[in-house]
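Letters A, B, ... are given to chains in the order of the sequence lines, protein chains preceding strands, and every chain is numbered from 1. As the structure is a computational prediction, the values presented were derived from the model and not from experiment.
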Amino acid sequence: MTAATVASPIVRAAGRFDRWLFAPMPARRVAALRVLVCLYVLGWLLARLPYLLDLAELPDRRFAPVGVLAPLDGAPARSAVIGAWAVAALATGALLLGWRTRIVGPISAVTVLVVTTYANSWSQVFHTENLAVLHLAVLALAPCAAAWSLDARGRPVPDDDERFGWPVRCLAIVTVASYVVAGWAKLDIGGFEWLSGDVLRTQVAFDNLRKILLGDVHSPLGGWFVRHDVLFGVFALATLVIELGAPLALLVPRLRTPWVIGAWGFHVGIVALMAIVFPYQLLGIAYAPLFAVERPAEAVLRDRHRRSSALE
Amino acid sequence: MSRRGVYILLTVLVAVFVYPVVRRPPVDSFPLSNYPMFASRGADVSSFPTVVGIGADGDDIDLTPELIAGTDQVIHAAETIRYAIRNDDTASLCGEIAARVAESRRDVRAIEVVVVRYDAIAWFEGEREPVDRQVFSRCEVQS
């Protein structure tokens with residue numbers, strides 16, 4: 001067996017991956033993803049401003065910086081928090097409209113990272129905005145305004161091209177990778193015992209009781225399932241199948257939709273059992289890179305154009 | 001972006017996901033994380049740090065995460081209490097909460113920072129008495 005013989009399957013696989021990564025895609029698909037992600041991020045910034053202002057009032061000793069804020073010795077001033085928030089909101093709004101995207105894209109990605117990191121720097125790291133932040137970072141580096149944008153107004157929509165393909169593929173890889181890592185963590189930390197459902201049952205009981213004791217919204221359904229534990233083994237198996245099976249959504253086209261339905265259902269289950277909301281996933285935006293999300297909008301625009309032409 | 005640039009970006013993205021997992025101990029930060037949610041079993045009997053209000057008749061009064069931690073996030077509230085206990089700072093936390101309570105709750109006379117221990121599963125099966133209750137700080141609410 002020669003080195004060439006060993007290498008050729010690897011070379012062929014690399015070539016297939018390259019063709020997959022750079023498959024030509026419509027400019028409108030990347031543009032649609034830009035709009036969806038920016039709408040979500042902008043909504044988050046607006047909805048969470050009161051929370052961010054609450055954090056800015058907390059004593060400095062409770063600041064436990066993580067990520068890019070880890071080098072800080074103390075909590076940023078309230079004015080700095082508001083300033084970062086304002087820049088993030090303006091830049092993300094401009095990116096949403098597709099205006100000066102080469103400039104506002106990176107500004108949006110960096111400032112949103114800073115603001116969301118700040119929100120996670122008070123003794124508790126949440127895991128609900130990681131995916132949106134990473135998606136925004138990819139879009140900030142991508143040609144995401146070649147269509148449906150102020151930057152592109154007056155210009156024809158480009159043909160399908162590989163420069164619009166790789167952003168979509170990277171966004172999809174980020175989505176899938178987040179699930180694989182979460183599934184791996186369960187086996188890494190909990191071992192194969194996690195499949196028994198006992199860990200999940202304990203977690204559901206613990207989380208709901210903590211919420212009850214702290215006067216927060218909890219899940220009565222979660223309490224009911226804790227008392228009737230037979231289904232937790234099924235829940236645990238389904239969780240790991242969805243999380244570790246996520247790459248199939250990329251590799252096997254006919255499994256994409258069933259996987260997304262399963263993943264979305266998984267998050268619905270988390271709401272039902274633990275009253276924990278992952279809005280980016282529940283709104284479906286996390287899975288948008290796996291689909292031709294531009295088509296509904298294109299259909300509406302075509303229909304509108306047909307109607308206005310018929311009236312002339 | 002050139003093809004080389006795309007592959008560099010892809011390598012960075014893969015590293016973003018792989019690094020938190022392979023590092024020992026694993027990294028749970030933001031946005032780099034090993035997403036350890038729901039992964040740990042925990043003990044049969046768990047500690048629940050909480051803060052209770054004490055009424056004029058000595059009864060416990062439930063407080064909200066907003067009163068406890070100053071935000072609406074319950075996990076943040078729990079971790080705030082746990083952090084104060086670990087750093088022997090419950091007196092400051094008690095005073096901070098008492099000041100917030102004084103502005104909005106006339107029925108609360110005092111605050112206690114406590115840790116109660118429950119078998120969470122048994123709690124849902126009807127066993128509501130705590131296994132243990134430890135008071136770390138008590139402070140009066142100024143009316």
Side-chain angles (χ1 to χ4, degrees), chain A residues 21-22 51 54-55 57-59 61-62 64 66-67 70 113 116-117 120-127 129-130 133-134 138 141-143 163 166 170 173-174 177-178 180-182 184-186 188-190 193-194 198-203 205-206 208-211 213-216 223 226-227, chain B residues 1 3 5-7 9-10 13-14 16-18 20-21 26 28-44 46 48 50-51 62-80 82-84 87 89 92-93 96 116 118 120-121 123-125:
Chain A
L21 181 64
F22 290 99
Y51 171 66
D54 283 344
L55 292 177
E57 298 300 318
L58 294 179
R61 68 179 189 278
R62 288 170 57 183
V66 298
L113 173 63
T116 49
T117 303
N120 282 274
S121 292
W122 296 88
S123 304
Q124 178 60 31
V125 175
F126 301 96
H127 302 93
E129 313 315 327
N130 303 52
V133 166
L134 293 172
V138 171
L141 299 171
R163 64 192 166 109
W166 69 258
C170 283
I173 288 171
V174 167
S178 68
V180 173
V181 169
W184 176 262
K186 290 174 177 67
D188 188 30
I189 295 170
E193 188 204 336
W194 206 91
D198 188 46
V199 175
L200 188 57
R201 183 179 180 225
T202 308
Q203 283 281 341
F206 175 86
N208 277 296
L209 182 53
R210 176 171 59 182
K211 288 183 165 98
L213 293 173
L214 288 170
D216 199 27
V226 167
R227 289 192 296 277
Chain B
M1 187 182 286
R3 277 182 174 239
V6 172
Y7 276 107
L9 172 64
L10 195 55
L13 287 173
V14 170
V16 159
F17 285 101
V18 170
V21 173
D28 182 21
S29 183
F30 184 88
L32 273 62
S33 174
N34 64 327
Y35 299 101
M37 310 85 74
F38 321 133
S40 306
R41 194 200 183 280
D44 288 338
S46 300
F48 294 87
T50 187
V51 175
D62 290 338
L63 302 178
T64 62
E66 287 87 347
L67 286 173
I68 294 171
T71 77
D72 59 4
Q73 295 289 321
V74 67
I75 299 179
H76 184 212
E79 290 305 313
T80 296
R82 206 183 290 275
Y83 184 85
N87 290 279
D89 195 28
S92 299
L93 178 64
E96 179 193 316
V116 285
Y118 286 103
I121 291 177
W123 191 94
F124 284 100
E125 291 173 339

Okay, I121(B) and chain A: the region with an atom under 4.5 Å from a heavy atom over there is both
Given a strict heavy-atom distance threshold of 4.5 Å, which part of L141(A) is in contact with chain B: side chain, backbone, both, or neither?
both
Using non-hydrogen atoms only, which part of A69(B) is less than 4.5 Å away from chain A: side chain, backbone, both, or neither?
both
Part of R210(A) within contact of chain B (heavy atom distance under 4.5 Å):
both
Contacting moiety of L134(A), where chain B heavy atoms sit under 4.5 Å:
side chain
Side chain, backbone, both or neither: which part of V16(B) has an atom under 4.5 Å from a heavy atom of chain A?
side chain
side-chain contact (heavy atoms from CB on, under 4.5 Å) for S33(B) and N130(A)? Distances and angles first, verdict last.
CA-CA 8 Å; S33(B) 174; N130(A) 303 52; 4.0 Å; yes
N87(B) side chain vs Y83(B) backbone, donor-acceptor pair below 3.5 Å
yes
Please answer whether the main-chain N or O of F126(A) pairs with a side-chain N or O of N120(A) as donor and acceptor at a distance below 3.5 Å.
yes
Search all heavy atoms of V199(A) against all heavy atoms of A39(B) and return the closest pair with its distance.
CG1-O, 3.6 Å
Where does T116(A) contact chain B at under 4.5 Å (heavy atoms): side chain, backbone, both or neither?
both
Given heavy-atom pairs under 4.5 angstrom as the criterion, report whether the side chain, backbone, both or neither of V18(B) touches chain A.
neither
Contact leader toward chain B among K211(A), R201(A), R61(A), E129(A), where contacts are heavy-atom pairs under 4.5 Å
R61(A)
Could you tell me which non-hydrogen atom of A84(B) sits nearest to which non-hydrogen atom of L93(B), and how far apart they are?
CB-CD2, 3.7 Å
In terms of heavy-atom proximity below 4.5 Å to chain A, should L67(B) be classed as side chain, backbone, both, or neither?
neither
Could you check, using the six-membered ring where one of them is a Trp, whether F48(B) and F206(A) have ring centers closer than 6.0 angstrom?
yes
Does the plane of the ring in F17(B) sit parallel, tilted or perpendicular to the ring in Y35(B)? Use 30° and 60° as the thresholds.
parallel
Below 4.5 Å, heavy-atom pairs only: which of E125(B), M37(B), E66(B) has the largest tally toward chain A?
M37(B)
Name the region of W194(A), side chain, backbone, both or neither, that has any atom closer than 4.5 Å to a heavy atom of chain B.
side chain
What residue in A142(A), C170(A), S178(A) has the most heavy-atom pairs under 4.5 Å with chain B?
S178(A)
Pick from E193(A), E57(A), R227(A), K186(A): which one has the most heavy-atom pairs with chain B under 4.5 Å?
R227(A)
Heavy-atom pairs under 4.5 Å with chain B are the metric here; pick the option from A70(A), A177(A), S121(A) that has the most.
A177(A)
So do the side chains of V116(B) and L213(A) get within less than 4.5 Å of each other, counting heavy atoms only?
yes
Approximate separation, where rounding is to 0.5 Å, of L10(B) CG and Y7(B) OH
7.5 Å
For the residue pair V125(A) and S29(B), what are the closest heavy atoms and their distance?
CG1-O, 3.5 Å
Within 6.0 angstrom of W123(B) CH2, more than 12 heavy atoms from elsewhere:
yes
Residue, of A64(A), G190(A), P143(A), P59(A), that accumulates the most heavy atom pairs under 4.5 Å with chain B:
P59(A)
Return the minimal non-hydrogen interatomic distance between G215(A) and P65(B), and the atom names on each side.
O-CD, 3.8 Å
Output the option from V138(A), D198(A), I173(A), L200(A) having the highest count of non-hydrogen pairs under 4.5 Å with chain B.
D198(A)
If one checks every heavy atom of V181(A) against chain B at 4.5 Å, the contacting part turns out to be both
In terms of heavy-atom proximity below 4.5 Å to chain B, should L58(A) be classed as side chain, backbone, both, or neither?
side chain
